[in-house]
Amino acid sequence: MAIGPDFFKDVYDVVRLVPFGRVTSYGAIAAYLGAKSGARMVGYAMNAAHAELPYVPAHRVVNRNGMLSGKHHFGSPDAMQILLEKEGIKVENDQVLDFEKVFWDPNLHLSL
DNA sequence: CAAGTGACTACAG
DNA sequence: ACTGTAGCCACTT
């Protein structure tokens, strides 16, 4: 995987590669794509992800603290948490529990 | 064209 | 440890 002309698409690809029951962070994705300071761009990409097909599991992407910073961008404020819990990820107070255990870093599991 | 905004992070106080 | 400030980049107004 390399940085393509379509940054958003690359972001979506990585997000789709996140295994079931795992989560990753904006910064990790940005780093994997080489956009070292592009965490905000990843977030911006997620802003448009809802319209992307196939479906992009944006609920598996949280900020570096494991907090559900983007829950308000889902249809319902609780949709993100519901989806995560459905995958076996425990969420409390808009924050992923055992974040370190469910965290999935593309830099460690994917090859560039 | 300049200024504001945000699904982020890192560093400083 | 907690809170505030400042870079960051694309997009909107």
Side-chain angles (χ1 to χ4, degrees):
Chain A
M1 283 282 273
I3 308 174
D6 195 339
F7 181 77
F8 282 23
K9 192 179 194 307
D10 291 333
V11 172
Y12 302 146
D13 283 340
V14 176
V15 176
R16 292 196 195 96
L17 288 172
V18 178
F20 184 92
R22 295 297 187 85
V23 297
T24 192
S25 71
Y26 301 93
I29 295 172
Y32 174 71
L33 295 178
K36 192 175 182 181
S37 300
R40 301 189 86 144
M41 297 308 92
V42 175
Y44 198 89
M46 294 291 93
N47 188 36
H50 70 91
E52 280 294 314
L53 289 175
Y55 170 68
V56 179
H59 59 278
R60 293 182 187 150
V61 185
V62 297
N63 68 3
R64 71 170 191 86
N65 290 314
M67 194 167 80
L68 310 190
S69 50
K71 59 176 284 184
H72 288 286
H73 290 259
F74 284 75
S76 298
D78 298 327
M80 187 173 187
Q81 179 172 337
I82 298 298
L83 288 168
L84 288 171
E85 293 181 334
K86 217 168 186 178
E87 299 194 359
I89 298 174
K90 298 170 185 172
V91 179
E92 188 174 289
N93 194 20
D94 298 342
Q95 184 175 297
V96 176
L97 298 182
D98 299 321
F99 180 58
E100 295 180 5
K101 294 180 182 177
V102 298
F103 178 72
W104 181 84
D105 187 350
N107 291 289
L108 300 179
H109 296 267
L110 297 177
S111 301
L112 292 172

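Reckoned from all heavy atoms, side chains included, excluding hydrogens, waters and symmetry mates. Proteins get letters first, then strands, A, B, ... in listed order; numbering begins at 1 in each.
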Problem - Shortest side-chain distance from A/R40, nucleotide among B/dT9, C/dG7, C/dC9 - result: C/dG7
Practice task
May I ask you to say what A/G27 touches in the nucleic acid, namely base, sugar-phosphate or nothing, with a heavy-atom cut-off under 4.0 Å?
Solution key: sugar-phosphate
Completion exercise
The single option from A/I82, A/I89, A/L83 that satisfies side-chain contact (heavy atoms from CB on, under 4.5 Å) with A/H59 is A/L83
Practice task
Could you check whether A/Y44 gets within reach of a base, just the sugar-phosphate, or nothing at all, counting any heavy atom under 4.0 Å?
Solution key: sugar-phosphate
Problem - Whole-Å distance separating the NZ atom of A/K36 from the C1' atom of C/dC8 - result: 12 Å
Completion exercise
Here the residues of residues 91-100 of chain A within 4.0 Å heavy-atom distance, strictly under, of DNA chain B are none
Problem - Nucleic acid contacts - residues 58-83 of chain A versus DNA chain B, non-hydrogen atoms under 4.0 Å - result: A/A58, A/N63, A/R64, A/S69, A/G70, A/H73, A/F74
Practice task
Could you tell me whether a side-chain N or O of A/Y44 sits under 3.5 Å from a main-chain N or O of A/G38, the two making a donor and an acceptor?
Solution key: no
Handout entry: Polar side-chain atom of A/S76 near backbone of A/A79 as donor-acceptor pair, under 3.5 Å
Key = no
Fill in the blank from the handout: Atom CZ of A/F8 and atom C1' of C/dC9 are separated, to the nearest Å, by 10 Å
Handout entry: A/T24 side chain vs A/W104 backbone, donor-acceptor pair below 3.5 Å
Key = yes
Practice task
Say whether, by atom type as modelled, one donor and one acceptor occur between the side chain of A/R60 and the main chain of A/V18 under 3.5 angstrom.
Solution key: yes
Exercise for the section: Taking atom types as modelled, find out whether A/N63 and A/N65 have a side-chain donor-acceptor pair closer than 3.5 angstrom. Expected result: no
Problem - Nucleotide nearest A/N47 when distance is taken to its side chain, options B/dT9, B/dG6, B/dA7 - result: B/dA7
Completion exercise
A/Q95 and A/L68 have their tightest heavy-atom pair at N-CG, 4.4 Å
Handout entry: Closest heavy-atom pair and its distance - A/A45, A/V11
Key = CB-CG1, 4.1 Å
Exercise for the section: Could you work out which one of B/dG6, C/dC8, B/dA7 sits closest to the side chain of A/M46? Expected result: B/dA7
